Q: 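Structure provided below as structure tokens; questions to follow.
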There are 2 protein chains.
Amino acid sequence: MNIGEAALRVQLPTKTIRYYEEIDLLRPGRAANGYRDYSEQDIHRLQFLQRSRSLGFSIEECRLLLSLYQDRNRESADVKDIALAKIAEIDRKIGELRGLRSTLSKLADHCHGDNRPDCPIMDELSGEEHA
Amino acid sequence: MNIGEAALRVQLPTKTIRYYEEIDLLRPGRAANGYRDYSEQDIHRLQFLQRSRSLGFSIEECRLLLSLYQDRNRESADVKDIALAKIAEIDRKIGELRGLRSTLSKLADHCHGDNRPDCPIMDELSGEEHA
DNA sequence: CTTGACCTTCCAGTGACTGGAAGGACTAGA
DNA sequence: TCTAGTCCTTCCAGTCACTGGAAGGTCAAG
């Protein structure tokens, strides 16, 4: 299967698929004409990558998950640990974003938002003392 | 004021401060020995950048905010629009992260996480049909 | 036999820094 | 005066995960 068809199957751009090969996440065979030739197993790996990336795992985490995936003696605890660490990371990010949101919306609430120049958002950014 | 002292004042690495200069966010003077020489106004700009970056504004948004900051005829509505757009962006990100979190924690909940190899997280990533 | 779609490789750019090398300037102490 | 150590300079390369584009080879249809 050529890269274009593989791309359609797994819903990834061809550029991305070639990039994954470049960083050794998979090694498709080559046809006589030099074109990459994807087997069902390659498609499976790409699918796995697409899914794990879309769940927010980094490339290196995906590499680890893939190796666990190949490992018939893996312990499910190892996989679960990675997932739990990712959940903790997501929680941290959400917390941070919530903090930013609250600060910004407080500032925006106090800004009248008309054609006059005075603006509490600017005051805050410039470090002016509050009245 | 040398860059090191400026860095301490505004709590930014010297590397970052030089980078901001490289992308034309400020133009400190130079002392006779070639060292950068930061005025109080430069410090103020850096402070402004530090604060707006830490609120999640991109460099280009900071550039725009800085130009509004200098503009005595700016309308507070312009500033508020940027803040509101940023809030919307944050909301989108939070929503996305919540979705990921819920998927991941559902998967992790169903994984027994012991020394056996079978693992619903892996099943999901590999696209296996649910039992 | 040409057109157009598809494939190849290679190089460069993104955002916002960060690290490091090589070398000049300055300060304090012996 | 010398030296050690800290600060400063510029320049180049690397990060992450792609993405865009150029130049050129391959293939199927008409």
Side-chain angles (χ1 to χ4, degrees), chain A residues 1-39 42-43 45-66 86 89-90 93 96-97 100, chain B residues 1-39 42-43 45-66 86 89-90 93 96-97 100:
Chain A
M1 184 186 325
N2 284 348
I3 196 170
E5 199 186 333
L8 276 177
R9 285 271 300 274
V10 304
Q11 295 286 70
L12 283 174
T14 57
K15 280 277 188 189
T16 300
I17 295 177
R18 287 198 199 93
Y19 172 69
Y20 287 170
E21 181 180 346
E22 194 187 320
I23 61 173
D24 295 316
L25 285 176
L26 76 165
R27 280 179 199 289
R30 293 283 174 146
N33 57 11
Y35 288 13
R36 287 169 179 82
D37 186 17
Y38 294 87
S39 68
D42 292 325
I43 295 296
R45 270 180 96 82
L46 283 172
Q47 202 84 258
F48 187 100
L49 285 166
Q50 190 278 323
R51 273 187 251 262
S52 38
R53 286 291 296 131
S54 75
L55 278 175
F57 292 103
S58 74
I59 288 285
E60 288 316 306
E61 285 162 342
C62 289
R63 196 188 298 278
L64 181 53
L65 286 169
L66 262 179
K86 185 53 65 177
E89 194 182 319
I90 290 172
K93 278 189 198 159
E96 202 176 317
L97 288 175
L100 292 179
Chain B
M1 185 186 324
N2 284 349
I3 196 169
E5 199 186 333
L8 277 178
R9 284 272 300 273
V10 303
Q11 294 286 69
L12 284 174
T14 57
K15 281 275 187 189
T16 300
I17 296 176
R18 287 196 199 95
Y19 172 70
Y20 286 170
E21 180 179 347
E22 194 187 319
I23 61 174
D24 294 316
L25 285 175
L26 75 163
R27 280 179 199 288
R30 294 282 173 147
N33 58 10
Y35 288 13
R36 287 169 179 83
D37 186 17
Y38 294 87
S39 68
D42 293 325
I43 296 296
R45 269 179 97 83
L46 284 172
Q47 202 84 260
F48 186 100
L49 285 167
Q50 190 277 324
R51 273 188 251 262
S52 38
R53 285 291 296 131
S54 74
L55 278 175
F57 291 103
S58 73
I59 288 284
E60 286 317 305
E61 284 163 341
C62 289
R63 196 188 299 279
L64 181 53
L65 286 169
L66 262 179
K86 185 54 64 178
E89 195 183 319
I90 290 172
K93 279 189 198 160
E96 203 176 317
L97 289 175
L100 293 179

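All values below come from the heavy atoms of this structure, side chains included, with hydrogens, waters and symmetry mates left out. Here the structure is a predicted model, which means the values were calculated and not measured. All chains are named by letter (A, B, ...) in the order of the sequence lines, taking the proteins before the strands, and each is independently numbered beginning at 1.
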Q: Mind checking whether A:Arg36 and A:Arg18 have side chains closer than 4.5 Å, heavy atoms only?
A: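 Yes, their side chains come closer than 4.5 Å.
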
Q: May I ask you to test the B:Arg63-B:Ile23 pair for a side-chain heavy-atom distance under 4.5 Å?
A: yes

Q: List the atom of A:Gly29, the atom of A:Asp42, and the distance in Å for their closest heavy-atom pair.
A: N-OD2, 4.4 Å

Q: Who are the side-chain contact (heavy atoms from CB on, under 4.5 Å) partners of A:Leu8, not counting sequence neighbours?
A: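 Residues passing side-chain contact (heavy atoms from CB on, under 4.5 Å) with A:Leu8: none at all.
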
Q: Minimum heavy-atom separation for A:Met1 to A:Asp37, with atom names?
A: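 Smallest interatomic distance, heavy atoms only, reads N-OD1, 2.5 Å.
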
Q: What residues form a side-chain contact (heavy atoms from CB on, under 4.5 Å) with B:Asn2, not counting sequence neighbours?
A: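 For B:Asn2 the side-chain contact (heavy atoms from CB on, under 4.5 Å) partners, ignoring immediate neighbours, are B:Tyr35.
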
Q: With a 4.5 Å limit on heavy-atom distance, are the side chains of A:Leu25 and A:Ile59 in contact?
A: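 When only atoms from C-beta onward are counted, A:Ile59 and A:Leu25 do touch, with a gap below 4.5 Å.
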
Q: Looking only at heavy atoms, which two atoms of A:Ile17 and A:Ala7 are closest? And how far apart?
A: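 Scanning both residues completely, I find the closest heavy atoms to be CD1-CA, 3.7 Å.
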
Q: Taking atom P of D:dC16 as reference, at what distance in whole Å does atom CD of A:Glu89 sit?
A: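 A:Glu89 atom CD is separated from D:dC16 atom P by 13 Å.
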
Q: My understanding is that only residues two or more places apart in sequence, or in another chain, count here; which of them pass salt bridge (charged side-chain N to carboxylate O under 4.0 Å, His left out) with A:Arg53?
A: none

Q: Please list, chain by chain and in numerical order, all residues satisfying side-chain contact (heavy atoms from CB on, under 4.5 Å) with A:Glu96, sequence neighbours excluded.
A: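 Per chain and number, A:Glu96 pairs via side-chain contact (heavy atoms from CB on, under 4.5 Å) with no residue.
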
Q: Contact list please: residues 17-24 of chain A against DNA chain D, heavy atoms, distance less than 4.0 Å, in numerical order.
A: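 The stretch gives A:Tyr19, A:Tyr20 as the residues lying under 4.0 Å from the strand, ordered by number.
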
Q: List for me each residue that meets salt bridge (charged side-chain N to carboxylate O under 4.0 Å, His left out) alongside A:Glu5, sequence neighbours excluded, and say none if there are none.
A: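 A:Glu5: no salt bridge (charged side-chain N to carboxylate O under 4.0 Å, His left out) contacts found.
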
Q: Within residues 55-66 of chain B, find the residues that approach DNA chain D with a heavy atom at under 4.0 Å, and present them sorted by residue number.
A: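 Contacting residues: none.
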
Q: Report the residues that fulfil side-chain hydrogen bond (donor to acceptor under 3.5 Å, both in side chains) with B:Ser54, sequence neighbours left out, ordered by chain and then residue number.
A: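 Once residues adjacent in sequence are excluded, B:Ser54 has no partner under the side-chain hydrogen bond (donor to acceptor under 3.5 Å, both in side chains) criterion.
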
Q: Which atom names give the shortest non-hydrogen contact between A:Ser58 and A:Lys86, and what distance separates them?
A: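 Answer, listing the atom of A:Ser58 first, then A:Lys86: N-NZ, 4.2 Å.
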
Q: Axis-to-axis angle across the helix from C:dC1-D:dG30 to C:dA30-D:dT1, five pairs an end, to 10 degrees?
A: 30°

Q: When you measure from the side-chain N and O atoms of B:Asn33 to the phosphate of D:dC8, is any distance below 4.0 Å, counting only OP1 and OP2?
A: no

Q: Check nucleotides 2-7 of chain D for protein N or O atoms closer than 3.5 Å to its own N or O atoms and list the pairs.
A:
none

Q: Go through DNA chain C in 5' to 3' direction and return only the first and the last nucleotide with some atom under 4.0 Å of chain B's heavy atoms.
A: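 Span of nucleotides near chain B: C:dA16 to C:dC26.
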
Q: Can you name the closest pair of heavy atoms from B:Leu65 and B:Ser52 and give their distance?
A: CD1-CB, 4.3 Å

Q: Under the rule for side-chain contact (heavy atoms from CB on, under 4.5 Å), what residues qualify as partners of B:Lys15, not counting sequence neighbours?
A: none

Q: Pick the closest DNA chain D nucleotide for A:Thr16 and for B:Tyr38 by heavy atoms, then say which residue is nearer the 5' end.
A: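 First, find each residue's nearest nucleotide; the 5'-ward one identifies B:Tyr38.
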
